[in-house]
Amino acid sequence: MSERTGCRTTTTAAPAEPEVAAVLSGALTDSSTLSRDGVLTLLQAGPAETQALFAAADLVRGRNLGGEVHLRGIIEFSNCCVNNCRYCGLRRDNGKVARYRLEPAEILAAAREAAALGVQTIVLQSGEDPCYTADMLAGIIQRLKEELAVAVTLSVGDRSKDDYRLLRRAGADRYLLKHETAAPGLFARLRPGTTLTGRLKHLHWLKELGYQVGSGNMVGLPGQTLSILAEDIMLLKELGVEMAGIGPFIPHPDTPLAGHPAGDLDLTLKALAVTRLLLPQTHLPATTALGSIHPDGRRRGLLCGANVIMPNVTPLAYRARYQIYPGKTGLHTPPLESVNAAKTLIQSLDRQVGAGYGHACAVKPGTNKKCRLDGPGERAPGGRENL
Ligand code: 5AD
Ligand code: SF4
């Protein structure tokens, strides 16, 4: 077992089988018993125990979330970005990218098309692009919510708290802001000009404002160790995220990390499975990146804890220009086919396409009872500041 998740330089022994079995059995009885050390033990599991880990994660997913797999349609509406993340193909300094911005009318048209295909969550994703002011985004969100029966997820990066408040008031239900790596030094090196502390502050604001919050990280970033990966997973619990996206790092040739090895499929699946054990009710996508490093990646993700698929519903003309990493699947797959492929995959596993909006499960304040939030604009209850 390698200690560095990307470069595989040093080797540590896999833990003994009984140790893995004990951690698994504890987690299956009570997820709150899973400690950081337990997470690390599971990440280091050898091949035989890994199958037991995957089976346990699948069991926990079934017990807590049933067979529903929720579809979230992503619209990549701008590939412009002011940031310069060293891992990302859309980074500011990559002069080879033909930049684009969708007009609000194009975004609405793409959302209408997705909604007509039965997609009940629209994810608006872009680079960090201040050309879309909060007022503009709020206008788009309002139109979406008035016209279509959809939940809206934003994935537009760091903004001011006032912006987040405005967007929430406009009707945004959820926000994805990945922490990317829980190691502060690595974060600062890989995302020049930004800090992990800053990112965590934004995540707390989003929670306070009543968003259902998603975070997540990459697996196999250069410089990431298994112990950092364990921290990544523990951070998701500490943040109490309602969604977590975990995908492999894939080196982009036009970035400073070109030539580094990609994150490993099995390790990514292990991280996903361990996250499921730790966070039994959190929405976990089988990410596009997982599907991009292996043709069977998304299916395997669904079999070890994932319960969400995010078909790309961006107009085809723009797809090839949103290459965060190379080899991204679906560059030529129109929305109808992307959604149908996801539905076929779900049915092939004897699972069902999620009914309703697939909002986060939440604990009702003051009780241990779980409730399901299922109105498109309904707010997660508990401890949230007034909007
Ligand atoms: N490989 C895999 N995922 C990447 N992301 C950015 N660059 C890469 C890469 N090279 C992910 C990050 C970011 C999201 C938009 O894409 O996690 O949050
Ligand atoms: Fe911009 Fe996001 Fe890419 Fe960083 S990861 S360069 S913020 S699009």
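Each ligand, and each atom within it, is numbered from 1 in the order the structure gives. Computed from a predicted model, the values in this text were never measured in an experiment.
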Discussion item. Looking at Glu76 and Arg321, is there a salt bridge between them, counting it only when a charged N and a carboxylate O are closer than 4.0 Å?
Written reply: no
Discussion item. Does the protein place a non-hydrogen atom closer than 4.0 angstrom to atom 7 (S) of ligand 2?
Written reply: yes
Item to complete: Kindly indicate whether the side chain of Leu200, heavy atoms from C-beta on, has any atom under 4.5 Å from the side chain of Leu235.
Response: yes
Item to complete: Using the six-membered ring wherever Trp is involved, compare the ring planes of Tyr211 and Tyr164 and label them parallel, tilted or perpendicular (cut-offs 30° and 60°).
Response: perpendicular
Worksheet item: Side chains of His359 and Arg174: do they bring a donor and an acceptor to under 3.5 Å?
Response: yes
Can you list, pair by pair, the side-chain donor-acceptor contacts under 3.5 Å of residues 48-57, counting residues two or more places apart and other chains?
unit_1 : atom_1 : unit_2 : atom_2 : d
Glu49  : OE1    : Gly46  : N      : 3.0
Thr50  : OG1    : Ala45  : O      : 3.3
Thr50  : OG1    : Gly46  : O      : 2.7

Item to complete: Answer yes if the ring centres of Phe77 and Tyr132 are under 6.0 angstrom apart, and no otherwise.
Response: yes
Discussion item. For a 4.5 angstrom cut-off between non-hydrogen side-chain atoms, does Ile309 reach Arg298?
Written reply: yes
Practice prompt. Heavy-atom contacts with Tyr87 under 4.0 Å: which atoms of ligand 2 show up? List them by number with element.
Written response: 5 (S)
Worksheet, complete the sentence: Those residues with a heavy-atom separation under 4.0 Å from ligand 1 are Tyr87, Cys88, Lys178, Glu180, Met218, Pro248, Phe249, Ile250, Ile324, Tyr325
Discussion item. Which residues pass the side chain to side chain contact (heavy atoms under 4.5 Å, CB included) test with Asp30, not counting sequence neighbours?
Written reply: Ser32, Thr33
Discussion item. For Arg191 versus Asn83, what's the shortest heavy-atom pair and its separation?
Written reply: NH2-ND2, 3.7 Å
Item to complete: Look at Asp158 together with Lys201 and state whether they make a salt bridge at an N to O cut-off of under 4.0 Å.
Response: no
Worksheet item: Near atom 1 (Fe) of ligand 2, which protein N/O/S atoms are found at less than 2.8 Å?
Response: Cys81 SG
